Amino acid sequence: MKTIVSLLIIGISTFVLINSFASPLHPFSVSDTSITTANKETIFSEPSSTSTNNEEDAPHDDTPDNVQPRDDSLPDDAVFSGVDDPPMNLEIPPTGRETVESDENLKDDSPKELSIEERRDEIRNEFQHAWNAYTSYAWGMDDVRPLSKRGVNSYYMGLTLIDSIDTIIIMGLKDEYQRCRDWVETSFLKGQKSSASSLFETTIRVLGGLLSAFHLSNDKMFIDKAVELADILSIAFETPSGIPLPLVNLRERQGRKSSWIRGASMAEIGTLQLEWQDLSKLSGNPDYAAKVNHVAQKIAQMDRKNGMFTKFMDPLSNRLTDSTITVGAMIDSLYEYFLKQYLLDSGNTEALRMYRETIASIISKLLTKSSPNGLSYFQELSGSKENHRMEHLACFMPGMMALGAIQIPDEFASHLEPAKEVMRTCYEFYARQPTGLSPETVSFESDNDFTVLPRDKHNLLRPETVESLFYLWRATHDPIYREWGWNIFKSFQKHAKLEGKGYSALKDVTYISNADGHDQSNRKDEMESFFLGETMKYLFLLFEDDDVISLDEFVFNTEAHPIRRWKSE
Ligand code: DMJ
């Protein structure tokens with residue numbers, strides 16, 4: 001019976017066609033983007049319910065999140081456009097774990113192993129469950145507070161909405177896409193303006209989200225909105241050094257200092273390049289790229305410590321100002337963007353040099369092993385003192401190393417093995433907890449590999465481990481990565497899903513008060529936009545074919561927004 005229902009569903013499903021870009025905006029723009037076609041099955045859902053807006057200001061937090069307290073139809077040439085075309089790629093790569101439903105199976109009440117396609121469908125359903133919390137309680141606002149069922153603003157930019165658009169496209173949710181697209185066209189930047197938006201967060205989530213929405217839909221409205229936003233944010237770069245201020249007052253059109261960072265954090269100034277470079281290419285205005293390329297040059301000129309960067313720098317002297325060397329908060333995506341700038345633009349050999357030099361130091365000076373089981377992890381350094389801790393944020397590292405290994409094998413093929421080893425460690429962060437969910441940070445000062453300190457027991461629904469599992473799957477096709485991803489997904493479903501709508505962050509992953517996981521006292525009233533923008537997207541793509549957002553065609557920004565790689569001229 002279930003098989004028949006599945007066939008019926010498939011029968012009424014439509015197929016997704018990854019886009020064709022045929023409309024040059026400008027000689028210096030999309031004319032060189034090639035046509036990529038990849039069909040995939042989709043199941044379209046009912047439109048999500050209408051929302052109520054609770055206009056309420058969130059207290060503004062200018063710390064980047066990675067620090068701590070951080071009906072109509074689409075255009076014909078959009079990703080969805082192949083709805084009437086026959087599917088080209090219905091065969092799912094075998095994992096050796098698929099099962100065939102039999103009548104015998106159907107009588108059995110024990111949990112059945114799902115096919116790859118059914119797993120994808122379940123992830124899509126859970127995305128919609130979470131998305132419905134946003135549309136119902138916070139539509140058009142930045143973030144939803146899923147427990148108190150309200151929305152909050154600090155950016156006034158529909159942060160969650162824009163962070164989710166490309167996931168919605170990738171999952172084939174047409175009605176949801178249309179509703180978001182209409183909101184962006186009519187309401188983005190039209191209401192109240194923020195007095196302190198983080199340049200970094202706005203760039204990776206909003207600018208990146210708009211660019212990606214364009215790349216997957218070919219709808220130029222998204223570029224116009226990205227230009228409008230960048231023109232306001234540009235004020236941040238008007239400093240004596242050209243190193244941007246971390247915040248922008250959009251009301252007054254002024255850059256602002258942070259109340260807690262002296263100078264600038266390396267992640268914040270080094271994780272702007274992909275988006276602003278691509279905006280120049282798409283808009284034909286070279287000024288955006290010029291600003292971030294100047295910053296990249298300054299970074300390249302800085303003296304490093306042990307071949308790496310520390311967390312903070314002084315814009316005037318162009319020197320590092322602290323002694324903490326880590327691949328975690330405040331610096332993580334700086335290294336990621338060295339590699340990704342080169343993948344975006346293969347002419348950017350300076351970015352490749354920076355990646356080559358820094359990743360070599362990271363591997364030789366930070367990679368170490370735990371006791372007694374020899375789990376590989378990246379330690380931190382404080383001057384010459386070793387600090388044996390690793391943040392979940394640093395779990396993007398195996399994915400980045402695997403990406404370098406498969407895209408630039410001549411130089412980095414040897415990074416795949418250490419990437420696999422650290423991947424296992426990051427999975428252990430989840431697997432060893434009673435909830436099956438990772439804490440924010442682990443301490444390797446332990447006689448059982450690692451332990452969790454009381455202050456680090458929370459889980460914010462972060463993406464880094466499933467992001468890396470996605471890359472490791474694409475790099476190796478070892479089914480273990482899909483299994484690990486599925487286990488993590490099921491743990492989120494069991495412990496972070498709310499009964500009505502939404503998912504929530506957890507206060508303590510080391511504790512289960514009751515069997516069904518619906519203990520409200522262990523919940524945080526938060527569902528960060530990256531849960532929909534990144535975590536659910538990478539989980540879904542983990543069970544997709546390789547040609548759906550092919551890594552040969554796209555590079556993901558640090559917020560999981562795919563940007564089309566430039567063709568070499
Ligand atoms: C996201 O905003 C991005 O992935 C960023 O690079 C790091 N922090 C969050 C998710 O944890």
Side-chain angles (χ1 to χ4, degrees), residues 40-41 92-99 111-130 166-167 170-171 375 392-403 405-406 416 419-433 435-439 459-497 503 506 509 517 528 530-551 556 559-560 562:
K40 62 182 274 304
E41 247 176 297
I92 308 297
T95 65
R97 289 166 196 261
E98 291 88 347
T99 53
K112 290 170 195 64
E113 203 165 331
L114 299 179
S115 70
I116 295 303
E117 190 182 11
E118 286 169 328
R119 289 181 178 197
R120 235 169 29 220
D121 291 346
E122 194 168 324
I123 294 166
R124 185 194 288 110
N125 287 341
E126 293 306 315
F127 171 87
Q128 287 180 290
H129 179 90
D166 53 6
T167 310
I170 289 166
M171 290 186 176
L375 296 177
H392 185 273
L393 283 166
C395 286
F396 80 98
M397 285 291 297
M400 181 187 78
M401 289 159 67
L403 177 64
I406 55 172
L416 190 56
K420 289 181 192 172
E421 289 175 19
V422 182
M423 186 76 263
R424 171 172 289 280
T425 307
C426 288
Y427 178 66
E428 291 290 326
F429 290 3
Y430 288 73
R432 290 196 187 188
Q433 308 310 323
T435 51
L437 292 173
S438 173
N459 179 298
L460 302 181
L461 314 175
R462 287 196 190 277
E464 291 76 18
T465 294
V466 294
E467 169 184 355
S468 283
L469 288 171
F470 159 74
Y471 285 111
L472 265 292
W473 163 255
R474 290 270 172 117
T476 66
H477 292 131
D478 182 337
I480 194 69
Y481 299 119
R482 279 183 158 171
E483 283 313 300
W484 289 355
W486 186 250
N487 293 343
I488 291 172
F489 167 70
K490 294 305 282 182
S491 298
F492 277 128
Q493 196 182 40
K494 184 162 184 196
H495 298 287
K497 184 177 183 176
Y503 273 66
L506 293 177
V509 295
E528 283 258 15
F530 52 67
F531 180 62
L532 299 174
E534 297 192 73
T535 310
M536 294 303 279
K537 181 189 287 145
Y538 283 126
L539 280 168
F540 186 81
L541 286 174
L542 179 60
F543 295 95
E544 264 296 3
D545 297 346
D546 289 3
D547 57 0
V548 177
I549 315 294
S550 159
L551 294 175
F556 288 86
E559 188 77 5

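Just so it is clear, the structure is predicted and the values come from calculations on it, not from any experiment.
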Engineer: To the nearest 0.5 Å, how far apart are CG in L393 and CD in E464?
Structural biologist: 4.5 Å
Engineer: I want to check something: taking the side chain as every heavy atom from C-beta on, are W473 and L541 in contact at a cut-off of under 4.5 Å?
Structural biologist: no
Engineer: Which residues pass the side-chain contact (heavy atoms from CB on, under 4.5 Å) test with S491, sequence neighbours left out?
Structural biologist: L437
Engineer: Quick one: do K537 and E544 make a salt bridge, cutoff under 4.0 Å?
Structural biologist: no
Engineer: Report the residues that fulfil side-chain hydrogen bond (donor to acceptor under 3.5 Å, both in side chains) with Y503, sequence neighbours left out, ordered by chain and then residue number.
Structural biologist: E126
Engineer: Which heavy atom in G533 sits nearest to a heavy atom in T167, and how many Å separate them?
Structural biologist: O-OG1, 3.6 Å
Engineer: Identify, with sequence neighbours excluded, every residue that meets side-chain hydrogen bond (donor to acceptor under 3.5 Å, both in side chains) alongside N125.
Structural biologist: none
Engineer: Could you measure the distance from the CZ atom of R462 to the CD atom of E534? Nearest 0.5 Å is fine.
Structural biologist: 9.5 Å
Engineer: Taking all heavy atoms of S468 and all of G399, pick out the closest pair and write down the distance.
Structural biologist: OG-N, 2.8 Å
Engineer: Do other residues, nucleotides or ligands put more than 12 heavy atoms under 6.0 Å from R424 CZ?
Structural biologist: no
Engineer: The criterion is salt bridge (charged side-chain N to carboxylate O under 4.0 Å, His left out); which residues satisfy it with R474, sequence neighbours excluded?
Structural biologist: D546
Engineer: What's the separation between atom CG in L506 and atom OG1 in T435, rounded to the nearest 0.5 Å?
Structural biologist: 6.5 Å
Engineer: Within the structure provided, determine whether R482 and H477 are in side-chain contact (heavy-atom separation under 4.5 Å).
Structural biologist: no
Engineer: For the side-chain hydrogen bond (donor to acceptor under 3.5 Å, both in side chains) test, which of K497, H495, K490 pairs with Q493?
Structural biologist: K490
Engineer: Nearest 0.5 Å, please: how far is CE in M171 from CE in M536?
Structural biologist: 5.5 Å
Engineer: Check whether any side-chain heavy atom of Y427 sits under 4.5 Å from a side-chain heavy atom of E483, and report yes or no.
Structural biologist: no
Engineer: If you apply the rule side chain to side chain contact (heavy atoms under 4.5 Å, CB included), what do you find for W486 with E122, and how did you get there?
Structural biologist: CA-CA 10 Å; W486 186 250; E122 194 168 324; 3.9 Å; yes
Engineer: Are the side chain of D545 and the backbone N or O of D547 linked by a donor-acceptor pair below 3.5 Å?
Structural biologist: no
Engineer: Is the backbone of L375 close enough, under 3.5 Å, to the side chain of T425 for a donor and an acceptor to pair up by distance?
Structural biologist: no
Engineer: Who are the side-chain contact (heavy atoms from CB on, under 4.5 Å) partners of A475, not counting sequence neighbours?
Structural biologist: A402, I406, L416
Engineer: Could you report the tightest heavy-atom contact between L472 and K420, atom names first, then the distance?
Structural biologist: CD1-CG, 3.8 Å
Engineer: Please tell me whether F470 and F556 form a close aromatic pair, meaning their ring centres lie under 6.0 Å apart.
Structural biologist: yes
Engineer: Under 4.5 Å between any side-chain heavy atoms of F492 and L461, yes or no?
Structural biologist: yes
Engineer: Considering residues at least two apart in sequence or located in another chain, which fulfil the side-chain hydrogen bond (donor to acceptor under 3.5 Å, both in side chains) criterion with Y538?
Structural biologist: none
Engineer: Which of these passes side-chain contact (heavy atoms from CB on, under 4.5 Å) with F489: L539, L542, T535?
Structural biologist: L539
Engineer: Taking the inter-plane angle between the rings of W484 and Y481 on a 0 to 90° scale, is it parallel (under 30°), tilted (30 to 60°) or perpendicular (over 60°)?
Structural biologist: perpendicular
Engineer: Could you work out, with side-chain contact (heavy atoms from CB on, under 4.5 Å) as the rule, every residue matching T465, not counting sequence neighbours?
Structural biologist: H392, C395, M423, C426, Y430, L469, I488
